[in-house]
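Below is one structure, written out as C-alpha cells; the observations come after it.
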Amino acid sequence: MRFLVPFVLLGLPVVLVAASPTVNFNRDVRPVLAKHCFTCHGPDENAREAGLRLDTQIGSREDLGGYAAVQPNSVDASELIQRVTSDDADLRMPPADSHPPLTDHEIQLLKEWIAAGGDYETHWAFVAPDSVQVPFDVDDEWSRNAIDRFVRRRMQTADLEPAPRANRAALIRRLYLDLLGLTPTPEAVDRFTQDDDPAAYQRLVDRLLASPDYAERFARPWLDLARYSDTNGYEKDRPRTIWPYRDWVINAIASDMPFDQFTIEQLAGDMLPGATRDQQIATGFNRNTMLNEEGGIDPLEYRFYAMVDRVATVGTVWLGLTTGCAQCHTHKYDPLTHTDYYAMMALLDNANEPEVVVPDAEREAKKRLIESQVDREVDSLVDRFLNRPKTEGDEAVRTAFEAVVLQQREQEELRWQTPRPNELKTTLPRLSVLDDGSILASGDVTKRDVFELTFDLQDLAEPLTALRLTALPHESLPAGGPGMAFYEGRRGDFFLSEINVKANGSPIKLKEGSHSFGKISVGSGNADAGNVFDGDGSTGWSTSGKEGQSNHLVVNFDESVTEGVLKIELVFERHFAAALGHFRIEFASGDKTAQAVLIPGLTLADEGSLRALKRQFVLTSDAMKKHRKPIERLQAEIPEEIRTLGMLEREPADARTTHRHHRGEYLQAKESVAPAVPVVFERIESGSNRAPDRLSFARWLVSDKNVLVGRVSANRAWRHFFGTGIVRTAGDFGTQSEPPSHPRLIDFLDQQLRRGGWSLKRLHREIVLSATYQQRVGHGPESDPGNRLLSRFPYRRLDAERIRDAMLSAADLLTKKWGGPSVYPPQPDAISKMAYGSPAWNTSSGGDRYRRSLYTFSKRTAPFAAFATFDGPSGETCAARRDSSTTPLQALTLMNDAMYLEIAQGLAEATLRDVGSDAAPKTIVQRLFRRLLGRKAEPGEIDALMEFYESQIAHEEPWTLVARALMNTDEAITVP
C-alpha cells in the first residue's frame, strides 16, 4: 500500500511512500568477503592466490577442477563454506597465520546467501541512486521534514524512540557553535528563549546562515580536505603565500557558490573561458601539495609525489574512495586498477604551476605614492650633482658620470639586432618566442637545463661581433623572474653556467665579458661575466637580489660571424633548478668591443635620453651610494606584489606524457597512459576529438556520471552536524566501508543536493531544521550503543579552532576581520624552535592577536600547538575527518596555555564590565557562566563556583581563575 502526501525539502516537492528494509548481498555478505577474502582473492591479480577471485560473481563460480567456491543454492557443494568451516588448519580459510577465522554469525550469513542463490550485486556506492521516495508513517507527529521520516523509519525498525527536544538555551548555543563556530551572547539567548513564536527557531537559523561567520566556520573543514598550510612542508618548510586561496574559499562559501562550480573552479578554473583572476586563484587547491626544497632532491621526482597527492586528494574529496591504494598495485578491495590510477593522474598532469599575481588596490596605491616620492628624490639628486655647476666634494660623482657618458657614446657606434631563432631546443622546459623577440620558458625544470637556440644568418648584412643576453622579468615566473628557481635558491633566481657559441658547427671562442649587475646569493664564488666562458660549470652569472628587474651580460666573439647557422647554447647548472625564465638574445656589429652599459640601446641624441641616463646613474652607481640612502629607505617600503600559487594548462603541442609507474616508484616509469576515469565509472565525454583533460574531468566529477559525488558531499555535511557520517568512513565509500546507517536517506540527500542547485547552505539549513538535529543530547541505547540510528543527539566535542573561537567570542575578544595574511596568536616559543632553522614565532599584536582561528599561521612541521593538542591536522595530507582523542594535555592546555590564560582574563574583565566590579559575587558568577555556556547556572553550580572563588580570593585576579576553571569544563568544549 502506498500513502501519498506532499512534502518539501530544499524547496523541492517529493513523494512519501511506505518502505520496508531488505537483506541483501551488499549490506550483509560483501563486508564479510571484503574483510576476510579480498586481500588474496580480490581485484589485484598480482596478489591473487590459487587463481580464485571472490569479488565478482563470475570468479566465484569458476571451475577450479571439479568444484567452485560458490555453487548457487547448494551450501554443501560450495568450497567456500567447506574452507571457512574446516577444522584442518591447512585447509581452513583464511589461513590461521594471517587472519582470525570467521565468526559463527558471518558463516551463517554466507550459508543463507548461497542457499538463496549466491547472487552478487554491484557495491551500493557504485550504483546510481534510483528515485528515492520518502517513507511516511501515519502516526508520526515527531518529524519536521523529510530527513526525519528516514531517521524515524530506522528507529522504528530497531524499536527505538526519539529523545525529547533540547531546551531552547541548548538549541541556540548548538546552532551558534555548529553554524558560526561562536558562542551566543546572554542577550541573544534571552531573546530566543523568550520568543514564543513557533517560527522563532527557523528565523534564528536563517539569520545565522546569512552571517559572514558562517563562511569562516565552514571554510575550515574544507581547508582540511584541501590540505591547506602556509608553508611548503618537508625539511625546510619555508613559508608560501597561499592565503589568497583560503580567502577564495571563504568568499565562495559566503556567496553559497554551487558545489559543482566550487569544484570546477578549484580543479580547473584556469581553463574556463575568459578565466578571471579569482578563478586562477581557486586552482591553488591543486598547489596545496608539499614542496621539497632540499638541495639534494630531484625536483621532477617530487613533482611526481605531488601528483600522487593530488590523485589521492581528488579520490577522497569527490569520489570518497581510497584511490591512493592503487598507486603501487591494483586496489585489493575496490574496482580501481593500477592503470586506472595513472589514467586519473594523466587527467591532472598536463599543467604548469605558475604564480598568480593577486590585485590589491591598497598596496598598488601605496606603491604609486612611494614611487612618486622616489622619483622626486632621484630628480633632486640629479639636479644637485649632475645639472648644477661643479661644487666642492662632488668631483668624484661628476667624474664617474662622465665616464658612463663616454662609455655610452662609444657603444652607440655598435649596431644591435634581435633576430628570431629558427629553432629552439631544451632538455625539458618549453621555450616560446614572444612578439617583442624575447624568449619565455615554461614547464618543468631540472638541475641541469640546456637551452639551444639556432639562428639562420644567410641574409646577414654585416658580421656579428658580440652577443648580449638580457635577463627579463615576467609575471608568470616565481617572484616575477627573471629566473625559474622556485626552491632552495631565491625564488626567481637563475644561474647561467656557460654560454657556448658555434658558427656552422665550429666553436666560436668568447672573450671580454661584462655585465650590468652580478651577484650570487646561494653558494660561494663571484658572478663575473667571464665565468660564462671559462669552461667551469660550477661558476657562472646570476643577478640574485634583483628579482623582478632586468639586467644584461655582454660577451664578445674572438672572430666575427659572417654567415651560415649560429647556435647559442645556454647551460644552467646548479644544485637547484636555476634556468632563465625570460630573456632576450641580441647580436652586435661594429668595430668597437661590446660592453655592458647603464641603459642598453640608449642613444644620447636628445635631452630626454641624457636625463634617463642621469637618473639610472643616480640609482645604480657606486659613486652615488651614500647619497641615495634616503631613496633606498623609500624603496624598502614599497610593498611587494602578492603572488599566490595556481595552475596553467599546457598547450596541446607541449602536452605532458604520463606513465604508469611499476610498484608506484618514480624511477620505474613504464608504458604511457591515456587520461581517463576508472573503468568502473561511465567515461568522460569531452565533446570533441580531444582527449579528456583537467576541465572535462572536473565537470565529470560533479555530473550524473559520477554516482559518488552527491553521496560523499551530503555525507560530509551530515558529519559536520552529527559528528559521524551516514557512512562512518568519510573518505572511504568502497567495499571495506561500513554500510550506511540510513542508505535511503543518503541517496535522497544526494538527489536533493543535485536538484537543489548544489547548494550546501540549503542542505545545512534542512539538517538543522530537522527534529533529528533538535533532540536532547544523550548516549546511544544498549541496542544502538554507537547511536548510529540517532535516537539521541550525539555527544560531540568541538574541534580545536571552534574551542578557541567560541571562547574568544564569549570573552568579547574576537576580532572580526575578513581575510588577508595569516596571523600569529600566542604560543610557546619552543614550538616553532623545534622546526628546521628554529624560526621565530612573531606573536601578533593588537586585533590580529585575537582573529578567528581560521587565520592562524599553519606551519606543517610545527603545527600551532593548541590546535595540534586537540587533533588539528598538520596540512600534510587530505584530512577527510579529524580523529578525536581525550588526553591530559588538552586539559593542561586550556588551563595553562598563555593564549587561554589571556582569554580567561578577557572573559573575567568582560563579565565585570557587564555587571560592575562592585556587583555581588553570585551575580558575577552567573554572568560569567552565561557568557561562556549560554544557559543559566543551577544553584549547585553557583555554589561550587563560589566555593572555588572564595578559595582564590587572595589572588590578584580571582575572577580570572574562576573563568579559567569554567573554561576547562566538559560543557565549555562540547556541543549541548
Side-chain angles (χ1 to χ4, degrees), residues 226 232 238-248 265-293 299-300 302-304 306-307 309-310 348-360 426 428-434 438-446 449 451 471-494 547-549 572 576-583 640-656 693-695 698:
N232 289 331
R238 289 172 173 155
R240 61 169 52 165
T241 303
I242 194 65
W243 59 261
Y245 164 75
R246 177 246 290 149
D247 288 359
W248 180 90
E265 292 196 10
Q266 288 183 87
L267 291 180
D270 59 299
M271 299 178 68
L272 293 171
T276 65
R277 193 61 57 93
D278 278 349
Q279 288 168 335
Q280 294 170 352
I281 291 170
T283 63
F285 177 90
N286 298 287
R287 298 294 307 278
N288 279 319
T289 50
M290 295 197 295
L291 173 66
N292 195 328
E293 301 173 281
L300 295 183
Y302 280 87
R303 188 194 172 279
F304 169 75
M307 293 307 306
D309 171 70
R310 289 170 193 167
L348 301 168
D349 203 16
N350 192 40
N352 291 326
E353 301 182 356
E355 293 184 330
V356 179
V357 177
V358 181
D360 185 292
T426 74
L428 198 61
R430 179 173 183 258
L431 302 181
S432 55
V433 182
L434 305 185
S438 64
I439 298 167
L440 181 66
S442 59
D444 301 326
V445 287
T446 70
D449 281 317
F451 297 175
L472 300 166
H474 195 274
E475 68 172 15
S476 69
L477 301 171
M484 301 180 77
F486 62 94
Y487 79 99
E488 181 64 16
R490 294 175 64 101
R491 287 169 52 254
D493 198 2
F494 70 92
E547 290 74 36
Q549 301 178 34
F572 305 94
F576 58 91
L580 251 178
H582 188 207
F583 59 96
E640 294 183 3
E641 284 183 319
I642 301 172
R643 289 174 163 268
T644 191
L645 310 179
M647 304 289 281
L648 182 64
E649 190 72 357
R650 288 181 170 221
E651 296 295 329
D654 188 38
R656 183 183 281 116
D693 56 21
R694 189 159 40 94
L695 179 57

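Because the structure is predicted, anything quoted here is derived from the model rather than measured.
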- [ ] Given ring-ring contact (aromatic ring centres under 6.0 Å, His included), test Phe572 with Phe451 step by step and report yes or no.
- [x] CA-CA 8 Å; Phe572 305 94; Phe451 297 175; 4.9 Å; yes
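- In this structure a side-chain-to-backbone donor-acceptor pair under 3.5 Å is missing from Asp270 to Gln279.
- For the pair Met290 and Asn232, the minimum side-chain heavy-atom distance is 4.5 Å or more.
- The side-chain contact (heavy atoms from CB on, under 4.5 Å) test with Arg310 singles out one residue from Asn288, Asp349, Leu267, Leu348, and that residue is Leu348.
- Here Trp243 contributes atom CH2 and Trp248 contributes atom CH2; the two are 16.0 Å apart, rounded to the nearest 0.5 Å.
- For the atom pair CZ (Phe576) and OH (Tyr487), the distance works out to 8.5 Å, reported to the nearest 0.5 Å.
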TODO: Please lay out, stage by stage, how Leu431 and Leu440 fare under the test side chain to side chain contact (heavy atoms under 4.5 Å, CB included).
DONE: CA-CA 6 Å; Leu431 302 181; Leu440 181 66; over 6 Å; no
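- Atom-to-atom distance recorded for Asp309:CG and Phe304:CZ is 12.0 Å, nearest 0.5 angstrom.
- When side chains are defined from C-beta on, Met484 does not count as touching Leu580, because their heavy atoms never get closer than 4.5 Å.
- Here the side chain of Arg491 pairs no donor or acceptor atom with the backbone of Leu477 at under 3.5 angstrom.
- For the pair Arg287 (side chain) and Met647 (backbone), a donor-acceptor distance under 3.5 Å is absent.
- At least one side-chain heavy atom of Arg277 sits less than 4.5 Å from a side-chain heavy atom of Val356.
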Task: side chain to side chain contact (heavy atoms under 4.5 Å, CB included) between Asp444 and Arg303, worked out - done: CA-CA 9 Å; Asp444 301 326; Arg303 188 194 172 279; 3.6 Å; yes
- [ ] Give the intermediate values and the outcome of side chain to side chain contact (heavy atoms under 4.5 Å, CB included) for residues Ile439 and Ser432.
- [x] CA-CA 6 Å; Ile439 298 167; Ser432 55; over 6 Å; no
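- Checked by atom type and distance alone, the side chain of Gln280 never pairs as donor or acceptor with a backbone atom of Gly646 at under 3.5 Å.
- Checking each of Asp247, Thr283, Ile242, Val357 against Thr644 for a side-chain contact (heavy atoms from CB on, under 4.5 Å) leaves exactly one that passes, namely Ile242.
- Among all heavy-atom pairs drawn from Ala282 and Glu265, the shortest one is CB-O, 3.4 Å.
- The main-chain N or O of Glu651 is never found under 3.5 Å from a side-chain atom of Asp654 such that the two would form a donor-acceptor pair.
- Minimum heavy-atom separation, Gly483 to Pro478: O-CD, 3.9 Å.
- Ring centroids of Phe494 and Phe583 are separated by 6.0 Å or more, keeping the two rings apart.
- The two residues Ala268 and Ala698 have their closest heavy-atom pair at CB-CB, 4.4 Å.
- Here the OG1 atom belonging to Thr426 is positioned 7.0 Å from the CG atom belonging to Asp449, to the nearest 0.5 angstrom.
- Counting all heavy atoms, side chain and backbone alike, Ala655 lies closest to Asn350 at CA-OD1, 3.2 Å.
- Salt-bridge formation is not detected for the pair Asp693/Arg650: no Lys NZ or Arg NE/NH1/NH2 atom is positioned less than 4.0 Å from an Asp or Glu carboxylate oxygen.
- Pro299 places none of its side-chain heavy atoms less than 4.5 Å from the side chain of Val445.
- The distance from atom CZ of Arg694 to atom CE of Met271, rounded to the nearest 0.5 Å, is 5.5 Å.
- With a 4.5 Å cut-off on side-chain heavy atoms, Leu291 and Arg240 count as touching.
- For the pair Pro482 and Leu472, the minimum side-chain heavy-atom distance is 4.5 Å or more.
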Open item on the list: Using side chain to side chain contact (heavy atoms under 4.5 Å, CB included), reason through Phe486 and Glu355 one step at a time and then give a plain yes or no.
Closed with: CA-CA 10 Å; Phe486 62 94; Glu355 293 184 330; over 6 Å; no
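- Listed for the His582 side chain is a donor-acceptor partner under 3.5 Å among the backbone atoms of Pro473.
- A side-chain donor-acceptor contact under 3.5 Å links Arg656 to the backbone of Ala351.
- Look at Arg238 and Glu293 and you find a salt bridge, because one of the NZ, NE, NH1 or NH2 atoms lies within 4.0 Å of a carboxylate O, short of that distance.
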